[in-house]
Structures are given as C-alpha cells and as structure tokens.
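Chain letters run A, B, ... following the sequence lines, proteins first and then strands; every chain starts at 1.
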2 protein chains.
Amino acid sequence: MAIPKDARIDLSLEDIPKKWYNMAADIPDLKPMIHPATKEPVKEEDFKAIFCDTIVKQELSKERFIDIPEEVRTALVNLNRPSPLQRAYRLEKYLKTPAKIYFKREDLSPLGSHKGNTALAQAYYNANSGIHTLTTETGAGQWGTALAMVSNLFDIKTTVFMVKGSFIAKPLRKTIINTYGATVYASPSEYTDFGRKVLKEHPETSGSLGIAISEACEMAAKDEHTCYALGSVMNHVMLHQTVIGEEALKQFEIGEIEPDYMIACVGGGSNFAGFTFPFLREKKNGKFKDAEVITVEPKAAPTLTKGEFKYDFGDTAGMTPLMMMYSLGSEYIPPSIHAGGLRYHGMSPLVSAVFDHHDISATSYDQTDTFQAGITFARTEGIIPAPESCHALKCAIDKALECKAKNEEKTIVFNLSGHGLLDLYGYEQALDGTLPHSGQ
Amino acid sequence: MAIPKDARIDLSLEDIPKKWYNMAADIPDLKPMIHPATKEPVKEEDFKAIFCDTIVKQELSKERFIDIPEEVRTALVNLNRPSPLQRAYRLEKYLKTPAKIYFKREDLSPLGSHKGNTALAQAYYNANSGIHTLTTETGAGQWGTALAMVSNLFDIKTTVFMVKGSFIAKPLRKTIINTYGATVYASPSEYTDFGRKVLKEHPETSGSLGIAISEACEMAAKDEHTCYALGSVMNHVMLHQTVIGEEALKQFEIGEIEPDYMIACVGGGSNFAGFTFPFLREKKNGKFKDAEVITVEPKAAPTLTKGEFKYDFGDTAGMTPLMMMYSLGSEYIPPSIHAGGLRYHGMSPLVSAVFDHHDISATSYDQTDTFQAGITFARTEGIIPAPESCHALKCAIDKALECKAKNEEKTIVFNLSGHGLLDLYGYEQALDGTLPHSGQ
C-alpha cells in the first residue's frame with residue numbers, strides 16, 4: 001500500500017496567490033453601506049477617521065483582482081501558506097461512505113486559524129501609511145491573537161479591547177496576546193471615554209463585543225497615527241481571505257478534484273468567503289456547474305437560515321454604518337456557545353448578497369451535534385477541530401452519509417478553519433455529557 | 001522582494017523516509033542493558049513480558065537501516081510529515097546576525113510535538129501482533145497524548161497512567177487524551193497492585209513518573225494482549241525518530257545548506273537523536289566535517305553537563321534494567337520546571353554513548369533565559385515554542401550572537417520539537433516577572 005497521491009496536496013511557496021479576488025466586482029447590484037445620520041452611502045472620507053487609505057480603497061473597490069504585495073506574500077509564509085488540502089481517508093472509512101472527503105487546513109497557521117490572512121494585510125497597509133498602532137476588539141480571542149502576532153511582522157503596535165467576560169474566562173488567550181507583545185485591556189476599560197462612561201453606569205458589567213468595538217474605534221478616531229482593524233464582515237476582510245480559495249482551486253487542478261459540495265462555517269462570513277468566493281467565480285465561468293456551496297451556522301445564531309435581508313447595524317450599540325445584510329436584528333444577543341466566532345447577529349454584506357442571489361445554500365446545527373463530529377474527526381484523522389470548524393465538518397459528515405445511503409461517489413470539500421487546542425472545555429463537556437444544547 | 005527560495009523547504013509525500021537509521025549499528029562498543037537480578041545482559045525473552053516481538057527485535061538490533069512499513073509511512077501523513085525546514089529570516093534580522101538560522105518544524109504535528117513519530121510505529125507493530133491495548137505513563141502529558149492519538153490509526157486501545165499532580169494541574173491534557181478515546185487514570189490508581197499499595201501507604205501522594213511507569217508495566221505484564229509503550233530513552237524510540245533527521249538531510253541537499261551547528265534539546269534524548277543521528281552518520285562518512293552537534297538541557301536536569309557515565313536504573317523505583325548512560329542518579333528528582341519533557345535524571349544510552357565518544361557537545365540553560373528566547377521567537381517568527389524547544393532555540397540564538405560578534409556567516413539549524421500552546425503558564429510567568437530560576 002503506497003501513500004495515495006491525494007492523501008495531501010501541497011503547493012510550493014511560488015503558489016502563494018499573487019492576487020486577491022474581489023467578489024464585489026461580480027455583484028453589480030451590491031448595496032452600499034449607508035451613513036445612519038445622512039442616509040447617504042458611506043464615502044471614502046467617512047471611513048478615513050478609522051481606516052488607512054488603502055484599506056478604504058479596497059473596501060469600496062469594484063476591481064475584480066487586487067495585487068497582493070510581495071511583502072505580504074512573503075509574510076504569508078509565516079502563516080504556513082500555502083496550506084495543504086488533505087483527504088480524510090480514515091474518516092471516509094469510518095463512515096463507510098463512497099464519498100471522497102477533502103479538507104483545507106487553516107488550522108496549520110501558528111495562530112491556529114485563518115484569521116491571520118487578513119490581519120497580515122491590514123497590518124502591512126497600515127504600517128506603510130505611517131500608522132503606529134492598530135486597535136481592535138476581540139470576543140473569543142482568535143482575532144485579537146491574530147492581529148497581535150502579525151503586527152510584529154510589520155513593526156506596528158496593537159491594542160486589543162477584549163470583552164471582560166472572555167478576559168477573565170480565557171486567560172490563555174490573554175497570555176498569547178501578551179507573548180506577541182500586544183497590549184490587551186479588559187473592556188469596558190478606563191482608557192476611553194466610552195469605557196469610562198459604561199463603567200460608571202454599570203461597574204459590574206462583563207462587557208460586550210459592541211462596547212469593545214466602540215472603545216477600539218474611539219481610540220482610533222482620536223489619534224491620527226492610530227487606526228482600527230476588524231476581523232470579519234467587511235468587504236476588504238473577505239478580499240484578503242480569498243488566498244484560501246485561490247490555493248484550493250490550484251489544488252483541485254493538481255488533484256483532478258471536482259467538488260460536488262463546498263462547505264464552510266459562517267459567523268461574520270470570512271472563512272466561508274475566503275474558501276468559496278474564487279470557486280463561485282469559476283462556477284459562474286462554467287466550471288463546477290453542479291456543485292453546491294453550503295454555509296453552516298450555529299442554531300444559536302441562524303443568520304442566513306432564519307434572518308431577514310435588510311439594512312442593519314453591524315454592532316449592538318448601533319454605531320456602525322448600516323449594512324445591507326441578513327440579520328437577526330442588531331439587538332439580538334446569541335446564546336452562549338463554544339463557537340464564539342460564530343456568535344454574530346449579522347452576516348457579511350458580500351456573503352449576504354451571494355445568498356440572496358441563490359448561489360449558495362445555508363444550514364444550521366446544534367452545538368452538541370457539532371462537537372460529536374469533532375470527536376469523530378479527532379479519532380479518525382487525529383486533528384481536534386475548532387468548535388467553529390466542527391460546524392462545517394458536521395455538514396460534511398452528513399453529506400457523506402447521504403452519499404452512503406444513495407451509494408453516490410460524490411466529492412465533499414470543507415474548510416477546516418482552525419484547531420481546537422485552545423477551546424478544549426467544550427470537548428470536555430461533550431465527553432462527560434454536560435454540553436448544553438444551543439439555539440432557538 | 002520575491003519570496004526567498006529557502007524561506008521554507010518543503011518535501012513531497014514521496015520524500016517520507018523509507019528507512020529508519022539505527023545508530024546502534026555504528027557504536028560497536030555500545031553497552032547492553034543489564035538485568036538487575038542476574039547481572040546478565042537483558043535478552044529478548046526478558047523484554048517480551050511487556051513489548052511485542054518486533055519492538056524487542058528493534059530494541060536489540062544492530063542493523064544499520066530498518067524498513068519503515070508502508071502503513072506507517074502512510075500514517076505519518078497524519079502527523080504532517082514530511083515536516084518543513086524553515087528559515088528564521090526575521091529572527092536573524094532582529095539579532096542583526098550574519099548567521100543563517102533554520103529550524104525543523106515538529107510543532108506542525110496535530111499533537112504539537114515530535115512524540116507521534118515513535119508512538120505511531122509502536123502502535124502499528126503492537127496492533128499487528130494481536131495486542132489490543134497499550135499502556136503507558138505520562139508526566140507533562142505530551143507522550144500520553146501522542147499515544148492516544150495514534151492508537152486510533154491502528155485500531156488499538158491505550159491506557160495512560162498520568163502522574164496525579166499533572167492530572168489535576170493539567171486538565172487540558174486529560175481532555176485531549178479523552179477526546180482521542182483513550183483511558184486516562186490518575187497515578188497512583190486503584191487499577192494495579194502497585195497503585196493500590198502506594199495509595200494505602202501514602203493516600204495523599206501526588207504521584208511520580210516512577211510510580212506511573214510501574215503501574216503501566218504491571219498492567220502490560222499481567223495480560224498477554226496488553227503491551228507497554230514508552231516515549232523516550234530506549235533504542236527503538238530513537239530509531240523511530242530518525243525520520244526527522246533523514247528529512248532534514250534531504251532538505252539540506254535541496255537548499256544547499258551546510259550546517260555549522262545542529263542543535264536540539266535533550267530530556268530522555270529522543271528529539272535530539274531523531275534530528276541528529278542521520279546527520280552524525282553523514283558526518284562520519286565525511287560530510288559536514290566541521291559541524292558541531294549540540295545537546296541543550298535544563299540546568300534543573302544537567303545530565304550530560306554534570307552527570308556521570310555509569311550503569312543506572314531508568315526509573316526512580318529501580319524496576320527497569322540497568323542502562324549504561326549519563327545519569328544524575330536514579331534517585332535524583334529534578335526541580336519543577338515548565339519543560340516537563342526535559343525533567344529526567346538519565347539519558348538515552350545511544351545519546352550517552354555518542355556523547356562519551358565526543359561526537360557531540362552539551363550545554364545547559366536556566367528556564368528564565370529559555371522563556372525569554374521563546375518570547376523573542378514568538379515576536380519575530382510568530383510561533384510560540386514549547387518550553388522544551390525554547391532550550392534549543394536559546395542555544396541557537398547564542399550561537400547567532402557569537403557569529404555577530406565575530407562577523408561569521410555560519411549556518412545554525414535547530415529542532416523546534418513542539419509548540420507551546422498547551423504550556424502557556426510559563427510564558428505568563430515570564431511576562432509578569434514571576435518565573436522562578438531553576439537548577440543547580
């Protein structure tokens with residue numbers, strides 16, 4: 001038994017993509033963001049209080065392809081790009097399915113997730129614009145960790161406002177951010193007007209993502225050499241993540257792989273967009289005609305499966321521009337689940353538009369089922385997936401079982417957006433039977 | 001600025017080594033293990049109470065090369081072999097050194113360390129011999145995790161006796177072992193005669209590696225379908241780890257790399273042996289003539305730098321065969337340090353013999369210095385190293401600074417044996433200034 005050729009499809013350093021794909025170019029009726037005060041589309045100037053020029057340009061761009069600077073490509077090596085595409089032979093055997101299952105390995109980044117792909121681009125452009133500090137918020141901690149790490153690659157500082165509840169409950173994340181040399185404050189903090197105001201009114205609050213966003217934006221707006229960075233939802237973030245999908249296309253070519261299903265989890269939408277937008281472009285160009293592209297969300301935040309397509313705020317406090325997106329309502333606070341990265345009331349306007357056009361489908365799962373899928377994956381493939389990634393995996397397993405029932409040899413590809421080594425408590429609960437159900 | 005060709009040297013699946021290198025073939029005067037009762041060299045039969053036939057043969061083999069079964073090569077893909085050889089350009093720049101620094105990435109295994117390389121071979125041979133369960137001990141948890149994971153790849157069960165102190169202090173490791181489906185008991189346990197005896201005499205004990213070994217061996221000896229597996233020290237373990245060094249040789253060839261220094265940390269000796277034994281073979285054959293091969297140990301367990309070359313027990317309780325090795329005395333209990341994998345009183349007989357022949361040199365560091373090196377690495381290369389690996393890294397940095405002082409463009413290669421995401425507490429202490437010094 002020789003090693004099967006498609007056990008893992010690796011790419012060379014040369015294959016690190018040279019261009020990002022901008023989905024906005026292919027959605028002519030994409031609705032602009034609206035300024036809540038003027039009710040006019042948000043203009044470049046409006047964004048410039050908190051973002052550097054290039055990021056603003058990319059956010060509003062309609063160019064189909066945008067060059068990836070060589071400095072960014074070189075730094076992507078430090079995130080272990082290109083990432084392998086691996087075949088889950090042992091999972092297939094365990095499921096006794098005739099289907100082929102492949103997964104893209106974003107877990108191999110030293111950050112443990114795909115978040116670095118955009119963090120790195122944002123750090124580069126900001127550093128190049130003379131910005132000395134980036135501010136951001138983090139809930140579960142993945143995004144704050146990513147920005148803290150990549151800032152070092154471009155000699156820029158990072159200040160992270162971490163939701164106080166997580167700050168206390170997830171000390172490991174704080175240690176990682178500090179190890180990377182970034183500053184992390186429990187939010188609400190004493191370092192912003194808004195933080196002080198909240199603390200005065202609610203001294204015992206455990207904070208929220210909305211409050212942390214407000215603090216990060218306030219700090220960015222007040223200093224001309226400080227900008228804000230965010231890890232999902234906006235167009236430029238989706239753009240930077242498309243390195244995942246461009247690599248996958250090349251791997252499909254090498255492995256002669258014709259996906260019938262492309263599957264990724266969705267919170268704000270960035271790993272899904274990165275993984276599938278280049279594929280959707282090729283699908284529109286006539287390739288992969290019969291493939292189905294599937295988003296998987298938690299039942300706790302069923303934005304696409306139960307939300308409404310409308311203009312809504314990106315945050316709870318109502319401080320962001322209005323975005324045309326699927327939303328459960330900006331006041332909706334998802335129940336607590338381990339997949340913190342999927343706990344979001346809205347959805348990236350680009351992913352929302354693609355869904356509205358019926359180019360992709362949506363499904364949702366209870367976290368108890370997704371963790372069982374994660375345990376199965378650990379015991380077959382040896383990797384413990386992030387709670388978020390378990391959602392995509394669970395859907396891939398269900399499709400594989402459908403193939404078994406129908407005896408169809410289909411090809412299933414999912415994005416393993418991260419590993420779960422920093423989120424083991426959910427596994428502990430799943431193993432001892434105390435994991436709560438989630439959702440509505 | 002294009003991506004430098006040696007930023008990362010990847011190998012293909014085909015390059016997974018086809019043979020292990022057995023250093024014992026090249027040490028004619030290697031001293032055998034001695035049975036403590038008979039004072040005779042340990043024979044095949046003596047080992048067979050706790051090891052399967054092939055493992056015993058490999059332990060005593062003098063063959064220079066041993067074929068790696070195709071099933072094992074295929075399973076090595078699940079450990080992300082071949083592992084990349086990466087250049088630390090950003091660390092070099094930070095240090096302002098003319099030296100080139102490369103590191104081999106054992107951290108990319110889903111287990112986070114090199115330990116799986118031998119776990120996998122042991123699980124394969126035992127499963128093939130009709131063994132249904134492997135028993136082992138674990139202290140810090142890396143080895144127990146590795147065996148738990150790879151057992152699944154060959155449908156064999158694993159029972160881990162985890163030192164009670166770690167069992168309580170490191171619940172994450174326990175969760176990982178359980179997620180992989182293995183059984184883990186706090187040692188001393190109620191499941192063995194020896195465990196019950198210890199519990200009766202010392203009900204409040206937090207256990208020790210010696211006690212855990214005794215429990216694992218007792219369980220293996222009592223059931224003919226149960227065998228014992230261990231993660232370092234013995235010859236067959238060193239053998240299985242040589243995939244690291246064989247890959248590195250190929251990477252040196254591709255990258256036209258001529259190492260002046262080869263550096264790895266040592267506890268029992270397995271990551272060092274795996275990384276350097278094939279290199280030492282080639283050195284003996286006339287290549288890499290001027291290269292220095294360096295072991296790095298903690299000041300808390302300075303086996304090679306301060307120990308004595310003598311026959312000694314492998315465990316504290318004096319139950320193993322006597323081994324000719326550098327030892328601090330089998331009764332020596334190293335002070336508590338974060339690099340749990342380096343807290344061992346002895347040294348692999350093969351590594352000891354090579355050191356006795358002056359083919360390698362030895363150095364030691366205090367843990368406060370090694371964690372500072374780890375923080376520097378995280379902030380330059382983006383990877384948080386395991387506390388053990390920080391020792392090799394610290395030595396590599398010191399050599400690079402020597403090169404700077406002397407303006408020498410030497411080539412330094414070290415083995416990054418694992419990542420530190422499950423050992424963050426040491427980093428927290430290093431960052432807030434509370435990390436204790438260690439050692440003598």
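Atom CG of Leu11(B) sits about 10.0 Å away from atom CG of Asp10(A), to the nearest 0.5 Å. Atom OH in Tyr94(B) sits 11.5 Å away from atom CG in Asp155(A) (nearest 0.5 Å). Rounding to the nearest 0.5 Å gives a distance of 10.0 Å between OG of Ser109(A) and CG of Leu108(B).
Side-chain atoms of Asn80(B) and Arg105(A) include a donor-acceptor pair closer than 3.5 Å.
With a threshold of 4.5 angstrom between heavy atoms, Arg8(B) approaches chain A through its backbone and through its side chain. Both the backbone and the side chain of Arg73(A) have a heavy atom closer than 4.5 Å to some heavy atom of chain B. Both the backbone and the side chain of Asn178(A) come within contact range of chain B, judged by heavy atoms closer than 4.5 Å. Leu153(A) touches chain B through backbone and side chain together, each having a heavy atom under 4.5 Å away. Looking at Pro4(B), both its backbone and its side chain come within 4.5 Å of chain A, counting heavy atoms on both sides. With a threshold of 4.5 angstrom between heavy atoms, Lys5(B) approaches chain A through N, CA, C or O but not through any side-chain atom. Heavy atoms of Ala430(B) lying under 4.5 Å from chain A are absent altogether. Neither the backbone nor the side chain of Ala182(A) comes within contact range of chain B; no heavy atoms are under 4.5 Å apart. Interface remark: Leu431(B) contributes side-chain atoms only to the contact with chain A (heavy atom separation under 4.5 Å). With a 4.5 Å cut-off on non-hydrogen atoms, Leu424(B) touches chain A through its backbone and its side chain both. At a 4.5 Å heavy-atom cutoff, Leu120(B) makes no contact with chain A through either its backbone or its side chain. Proximity to chain A is limited to the side chain of Ile16(B), based on heavy atoms less than 4.5 angstrom apart.
In terms of heavy-atom proximity, Gly382(B) sits nearest to Pro110(A) at O-CB, 3.4 Å.
Looking only at heavy-atom pairs under 4.5 Å with chain A, the residue among Arg81(B), Lys174(B), His419(B) that has the most is Arg81(B). For the set Thr74(B), Thr179(B), Thr175(B), the entry with the most heavy-atom pairs within less than 4.5 Å of chain A is Thr179(B). For the options Arg90(A), Gln86(A), Glu71(A), heavy-atom pairs under 4.5 Å to chain B are most numerous at Arg90(A). Between chain A and the residues Asn78(B), Ile383(B), Leu76(B), the most heavy-atom pairs under 4.5 angstrom are made by Asn78(B). Counting heavy-atom pairs under 4.5 Å between each of Leu422(B), Asp432(B), Leu172(B), Leu111(B) and chain A puts Leu172(B) at the top.
Of residues 372-381 of chain B, those residues lying under 4.5 Å from chain A by any heavy-atom pair are Ile375(B), Ala378(B), Arg379(B), Thr380(B), Glu381(B).
The closest side-chain heavy-atom distance from Leu421(A) to Ile176(B) is below 4.5 Å. The shortest distance between side-chain heavy atoms of Val77(A) and Arg87(B) does not fall below 4.5 Å.
With a 6.0 Å radius and a threshold of 12 heavy atoms from other residues, nucleotides or ligands, Tyr89(B) has its OH atom above the threshold.
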